[in-house]
Structure formats: C-alpha cells, structure tokens
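In what follows, a single structure is set out as structure tokens and then discussed.
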Amino acid sequence: MAERSVSRAYGRLVQAQIRSQTQYRTSFGVDVASCALSTLVEAAVVLVVFRVSPTVGGFGLREVLVMSALAVFAFDLADLLVGNIERLSLYVRKGMLDAILVRPLRVLPQLLATDFALRRIGRVAQSSVLLAVVLVYAAPHWTPARVLMLVLTPIAGCALFAAVFVTGACVAFWFVESGEIANAFTYGGKEFARYPATIYPGLLRRVFGYGVGLALVGYHPALFLTGHADPLGGPDWLAWLSPAVAAFAWLIALLMWRTGIRHYRSTGS
C-alpha cells in the first residue's frame, strides 16, 4: 500500500510537469519539432561523410547507418527518461537540493520526475522512425537471434546511457561546475557510439568502447545484425553482453549516487 502511494506521488510529479509544459501548445510544438529536427541532422551528417568516402573504418553506408540509428535511438530514449539529471549541478550550486532531501521520497526519482522534459519525445519518435527506415534499407537476413538482438539492444543501450547520465551528474557533488566532464561521457559517448570502433585510436577505443561499454550500443549489435565480421577480431557473442554491462554500469551509478548524497553538504542558503 505504501509503495503504491509512493508511485502515485512520483506519477503526479510527472503529470504536473507534462501539464505545465503543454500549457502553451504552440511553444511546446516548436520545442518538439526542434528536438526531432536534430535527429535528422545527425543522420544527414553520416550521409555527408559517405559523400566524400566510400567506406568509414572499413564499413559501408549500410553498416554505419545501422550503428548510428541504434546508438541515437538508445541515447534519445535515455535522454527523455533521465537526461534532466544533468541539472543536478544547478540544484547543488543554488542549494535547491535541500528542499528535495527533506521530502519523504527518494531523491533520485524526485529529480527525474520534477524536471521531466516531455519535449524530448519528439526526438525519440524521430529516432525510432529513423531506425525503422534504416533497417528496411539495410535489409538484414532476419533470424530469431537477430530479432531478439534488435529488441535487446535499444533497451540495454538506453539503460547504459542512463547510467552514464547519472554517474556523470554525480560529479557535481564534488565539482559544482561539472557539466563539461559529464558531457564528455554522455553526448560525447553518443557520438562515439554512432561510428565504427575501428576509426578510433586504441586508447580511446579501450576507454569508451569497452571501459564504458559504448561499443556494445551500436558497433557490435550492428555487426551481428548485418553479418559483418569484426575487423578488430571480436567474437559475435560480444553483442550479447550489453544487458550485463548496462546492469554493471547501473551498479556503479547507484554507488556513486549514494556516496555523493552522503558527501553532500548544504550551501546554507
């Protein structure tokens, strides 16, 4: 009964945000359209790259489009659900986190519900359509394993990016002006995941691709879906590790969050 009332409280916070953001429909529509347009621009960038080069990192347009579409959809979904956690530095700097802490609800869900940005749904809708179009163009030979991979990859990718968002935001507990540090792993991570891991230097590939796990968001799943062998010699089963890596990333994120909350000291304002 208590859990149901808590869930209802979080739901009401989200509903309040949705009502306030949709109050001015024209403005909300412009926001949604501008978010959706950014996804088209990102897809156009890939096409522009292939206008000047027939391959990128040993891959053709078909494979790179699948990588990019998988990564963008997973990121946009995570951005819709937890992207507003990047405002944590503002809450810490202005002492607004104190008001969240005294409420009889968990802090992290409150922050996610309070600043829920509905306008980002336009980006998610656009990236889902883009993924569908890209898969029709790539025309992979569908098998039960590949269908399952297509279902698991966006979910696991979303969970991984969400964990990266939370972990990056936690830096604000120690360094208030932490936006650029977090962005390097969130938005920078999305750009990394959109292209073949073969185009990056070895150190960058080890840190972002396999240390953070971003190669499992687009690169390895796209290899599995298109039947392309990994030029780096990675086995096919690497693509199936994304759920486990996402779960481990969340374990680190929650540990960082608990440590940060305990470390937090009010501004006194």
With rounding to the nearest 0.5 angstrom, report the [atom1] to [atom2] distance, [X] to [Y].
{"X": "Asp79", "Y": "Arg123", "atom1": "CG", "atom2": "CZ", "value": "5.5 Å"}
{"X": "Leu77", "Y": "Ser127", "atom1": "CG", "atom2": "OG", "value": "8.0 Å"}
{"X": "Phe208", "Y": "Tyr200", "atom1": "CZ", "atom2": "OH", "value": "9.5 Å"}
{"X": "Gln110", "Y": "Leu97", "atom1": "CD", "atom2": "CG", "value": "9.5 Å"}
{"X": "Cys170", "Y": "Leu254", "atom1": "SG", "atom2": "CG", "value": "8.5 Å"}

Between Thr153 and Leu150 (side chain of the first, backbone of the second, donor and acceptor by atom type, cut-off under 3.5 Å), is there such a pair? no

Would you say Thr55's side chain and Gly58's backbone share a donor-acceptor pair under 3.5 angstrom? no

Any chance you could pull the hydrophobic cluster mates of Leu255, using side-chain heavy atoms under 4.5 angstrom and chaining through other members? none

In the hydrophobic clustering that connects Ile, Leu, Val, Met, Phe, Trp and Tyr at side-chain heavy-atom distances below 4.5 Å, which members other than Val133 occupy its cluster, ordered by chain and number? Val129

Any [X] side-chain heavy atom under 4.5 Å of [Y] side chain:
{"X": "Thr259", "Y": "Trp174", "value": "yes"}
{"X": "Leu152", "Y": "Met149", "value": "no"}
{"X": "Pro201", "Y": "Leu204", "value": "yes"}
{"X": "Leu81", "Y": "Cys158", "value": "yes"}

Tell me if the aromatic rings of Tyr187 and Phe75 count as close, with their centers under 6.0 Å from one another. yes

Specify the closest pair of heavy atoms between [X] and [Y], including all atoms of both residues, with the distance to one decimal.
{"X": "Tyr195", "Y": "Val46", "answer": "OH-CG2, 4.0 Å"}
{"X": "Trp240", "Y": "Ala145", "answer": "CH2-O, 3.4 Å"}
{"X": "Ala246", "Y": "Ala156", "answer": "CB-O, 3.6 Å"}
{"X": "Ala162", "Y": "Trp250", "answer": "CB-CZ2, 3.7 Å"}

side-chain contact (heavy atoms from CB on, under 4.5 Å) filter on Ile85, not counting sequence neighbours, yields Leu108, Leu111, Leu112, Phe165, Ala169, Trp257

Do you reckon [X] sits in the same ILVMFWY cluster as [Y], going by side-chain contacts under 4.5 Å, direct or chained?
{"X": "Ile155", "Y": "Leu131", "result": "no"}
{"X": "Leu203", "Y": "Ile199", "result": "yes"}
{"X": "Val245", "Y": "Trp237", "result": "yes"}

Could you tabulate the donor-acceptor pairs under 3.5 Å formed by side-chain atoms of residues 60-69, not counting sequence neighbours?
{"from": "Arg62", "atom 1": "NH1", "to": "Ala138", "atom 2": "O", "distance (Å)": "3.0"}
{"from": "Glu63", "atom 1": "OE1", "to": "Gly60", "atom 2": "N", "distance (Å)": "3.1"}
{"from": "Ser68", "atom 1": "OG", "to": "Arg194", "atom 2": "NE", "distance (Å)": "3.1"}

Identify all side-chain donor-acceptor contacts of residues 212-230 below 3.5 Å with residues at least two apart in sequence or on another chain.
{"from": "Tyr219", "atom 1": "OH", "to": "Asp230", "atom 2": "OD1", "distance (Å)": "2.4"}
{"from": "His220", "atom 1": "NE2", "to": "Tyr210", "atom 2": "OH", "distance (Å)": "3.0"}
{"from": "Thr226", "atom 1": "OG1", "to": "Ala222", "atom 2": "O", "distance (Å)": "2.7"}
{"from": "Asp230", "atom 1": "OD1", "to": "Leu232", "atom 2": "N", "distance (Å)": "3.0"}
{"from": "Asp230", "atom 1": "OD2", "to": "Gly234", "atom 2": "N", "distance (Å)": "3.0"}

Tell me, with the steps shown, if Leu130 and Phe73 meet side chain to side chain contact (heavy atoms under 4.5 Å, CB included). CA-CA 8 Å; Leu130 176 64; Phe73 178 62; over 6 Å; no

Return yes when atom CZ of Phe248 has more than 12 non-hydrogen atoms of other residues, nucleotides or ligands closer than 6.0 Å, and no otherwise. no

Walk me through whether Leu88 and Phe173 qualify under side chain to side chain contact (heavy atoms under 4.5 Å, CB included). CA-CA 9 Å; Leu88 178 64; Phe173 288 118; 3.8 Å; yes

Across all chains, not counting sequence neighbours, the ring-ring contact (aromatic ring centres under 6.0 Å, His included) partners of Tyr137 are none

